[in-house]
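So the structure is just underneath, and the comments pick up after that.
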Amino acid sequence: MSSIIFEKSMPGRRGATFPKSDVPIADAIPKQYARTSPLALCELSELDVVRHFTALSKKNYGVDTNFYPLGSCTMKYNPKICEKIAALDGFASLHPMLAQLPGCGGFAQGALAVIHDLENLLCRVTGMDAFTLQPMAGAHGELTGMMIVSAYHRKNGAAKTEVLIPDEAHGTNPSSAAVAGYEVRTVPTDPATGLLDIGAFRGMASEKTAAVMMTNPNTLGLFNPRIKEIAEIAHACGALLYYDGANLNAIMGKFRPGDGDFDVTHVNLHKTFATPHGGGGPGSGPVGVKAFLEPFLPAPRVVKNDFFALDGNCPDSIGPVAPFYGNFSVCLKAYAYMLMTGGAGLAEVSEQAVLNANYVMRSLSGHYDVPHLKTCMHECVLTAKRQAERGVRAVDIAKALIDKGFHPPTVYFPLVVKEALMIEPTETESKETLDAFINAMIEIAEAAESGPKSLHAAPVSTPVGRLDETKAARDMDVAFL
Ligand SMILES: *Cc1c(COP(=O)(O)O)cnc(C)c1O
């Protein structure tokens with residue numbers, strides 16, 4: 001295992017030397033605030049530092065290094081041209097206050113035009129009437145959406161207390177609804193179809209229902225064709241229908257939530273529209289609504305009269321949900337990606353993503369159990385049930401994949417599938433890469449049959465081996481700091 005940079009420190013070694021000061025040293029820092037001992041920095045040469053961090057960077061795993069089939073996360077390749085555009089001086093150096101200062105909006109016309117245009121493009125892709133780019137992640141979009149739902153019901157004097165959410169939903173759905181002040185009721189999945197149990201749903205929907213949050217395709221990678229019926233039941237009791245659009249990569253150019261009677265949606269720019277993410281950020285979760293909900297969108301809004309401006313005069317708005325206008329550089333990358341790919345191109349993205357997921361699922365279905373072996377959307381869910389009988393669990397398979405050079409898929413999610421392995425290949429991978437991954441998965445399935453114990457030690461090729469992950473998260477050892 002390589003040492004940390006402080007362990008490499010040698011007393012007196014320097015990366016740079018400065019000439020002695022030839023002016024008197026000002027006593028600028030009051031005595032009581034000044035240090036009494038030297039700062040404990042590591043002492044190294046420039047070369048030591050360069051080698052240390054270059055070595056660390058090579059330990060990093062990312063989409064730029066290899067396949068990253070993390071289900072539900074859409075870890076697709078991010079074209080470098082989008083980074084270049086986001087780094088253009090006119091965008092990157094723009095002061096975020098310019099658009100808001102009286103008389104200065106003229107200097108921010110380009111940025112405001114991008115926001116306005118991207119909102120319109122998202123309307124076209126999703127079939128919604130208006131968008132806000134403010135929310136900074138998918139979960140933040142959900143919370144914003146639920147706040148809009150709540151503001152709408154309040155305005156109409158409707159006392160609604162519950163949000164209905166299917167049991168296979170992403171964990172952020174129930175948390176967002178709860179943070180917005182709603183009681184969450186869980187609708188079961190029909191085990192036979194892997195889709196929402198409509199009978200149970202009908203029984204639970206009532207005048208107390210404020211909203212129904214749906215992900216379609218759901219987290220099992222299955223598209224629910226009975227969405228109109230679900231919308232009718234929801235709307236009949238005055239509830240709004242929320243679309244978790246984080247899985248938009250499966251349906252672009254094929255299905256628009258706005259056409260499926262959804263009232264509110266968020267989309268994850270950092271998944272569908274190729275902006276790099278991982279390790280918690282950066283993200284962007286724009287929220288789209290039907291026209292009757294537009295007055296409730298976060299303020300300020302970008303408007304276009306003779307030129308672009310920010311309009312803060314929105315009396316029914318839920319108010320700002322982010323500083324300035326959200327994660328602007330993430331929005332820029334998504335905008336560049338959408339223009340570059342084009343409408344027909346986005347449909348092709350989804351087709352290829354769905355094809356790749358089905359290819360992986362069918363290629364592995366002889367080696368792993370597949371709970372719902374029918375055409376999936378952009379991701380597929382397998383289970384390690386068969387391997388678990390030999391003592392090899394989903395976690396062992398995930399760790400063994402690391403030794404074979406692959407990032408593991410999502411495991412133990414969705415919760416409705418025991419020993420779940422959720423694989424999302426995305427459209428950007430070649431058949432050769434998919435085949436290499438499939439072969440690695442087959443080799444692991446064979447090892448589970450012939451010598452299951454060998455998989456318990458994995459990973460053996462990484463700087464740190466198998467950890468107690470709960471302990472690592474809850475009881476972090478950062479003693480060297
Ligand atoms: C990723 C995801 C979210 C949450 O998005 P974040 O940007 O991680 O907050 C919500 N729902 C679904 C279905 C997702 O895949």
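Indexing begins at 1, ligand by ligand and atom by atom, following the structure's order. When reading the values below, keep in mind they use all heavy atoms of this one structure, side chains included, and skip hydrogens, waters and symmetry mates.
Residue contact check: Ala137 has heavy atoms under 4.0 Å from atoms 7 (O), 9 (O) of ligand 1. Shown in contact with Ala246 at under 4.0 Å from a heavy atom are these atoms of ligand 1, numbered in order with element: 2 (C), 11 (N), 12 (C), 13 (C), 14 (C), 15 (O). Close approach of ligand 1 to Glu142 is summarised as follows: ligand atoms under 4.0 Å from at least one heavy atom of the residue are 10 (C), 11 (N).
Within 6.0 Å of the NZ atom in Lys431, the count of heavy atoms belonging to other residues, nucleotides or ligands does not exceed 12.
Under the 3.5 Å distance criterion, with hydrogens and angles disregarded, a donor-acceptor pair is assigned to the side chains of His235 and Asp263. When only modelled atom types and interatomic distance are considered, Lys76 and Tyr337 share a side-chain donor-acceptor pair under 3.5 Å. Side-chain N/O atoms of Thr74 and Glu424 include a donor and acceptor closer than 3.5 Å. With no hydrogens or angles considered, a side-chain donor-acceptor pair links Tyr412 and Glu419 at under 3.5 Å.
Among protein heavy atoms, atom 1 (C) of ligand 1 sits closest to Lys271 NZ, 1.4 Å. Looking only at protein heavy atoms, the nearest one to atom 5 (O) of ligand 1 is Asn268 ND2, 3.1 Å. Nearest protein neighbour of atom 6 (P) of ligand 1, counting heavy atoms only, is Gly138 N, 3.4 Å. Shortest contact from atom 13 (C) of ligand 1 to any protein heavy atom: Asp244 OD2, 3.5 Å. Scanning the protein for heavy atoms near atom 8 (O) of ligand 1, the closest one is His270 NE2, 4.5 Å.
Checked against the 6.0 Å centroid criterion, the rings of Tyr68 and Phe406 do not qualify as a close aromatic pair.
Residue contact check for ligand 1: Gly283 places no non-hydrogen atom closer than 4.0 Å to it.
The backbone and the side chain of Ala139 each have at least one atom closer than 4.0 Å to an atom of ligand 1 (non-hydrogen atoms only). Neither the backbone nor the side chain of His277 comes within contact range of ligand 1; no heavy atom lies under 4.0 Å.
Distances between N or O atoms of Thr215 and those of ligand 1 include no value under 3.5 Å.
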Would Tyr335 and Phe273 satisfy ring-ring contact (aromatic ring centres under 6.0 Å, His included), going step by step from the backbone distance to the final call?
-> CA-CA 8 Å; Tyr335 180 63; Phe273 301 108; over 10 Å; no
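To the nearest 0.5 Å, the span separating CZ on Arg226 from CD on Glu232 amounts to 11.5 Å.
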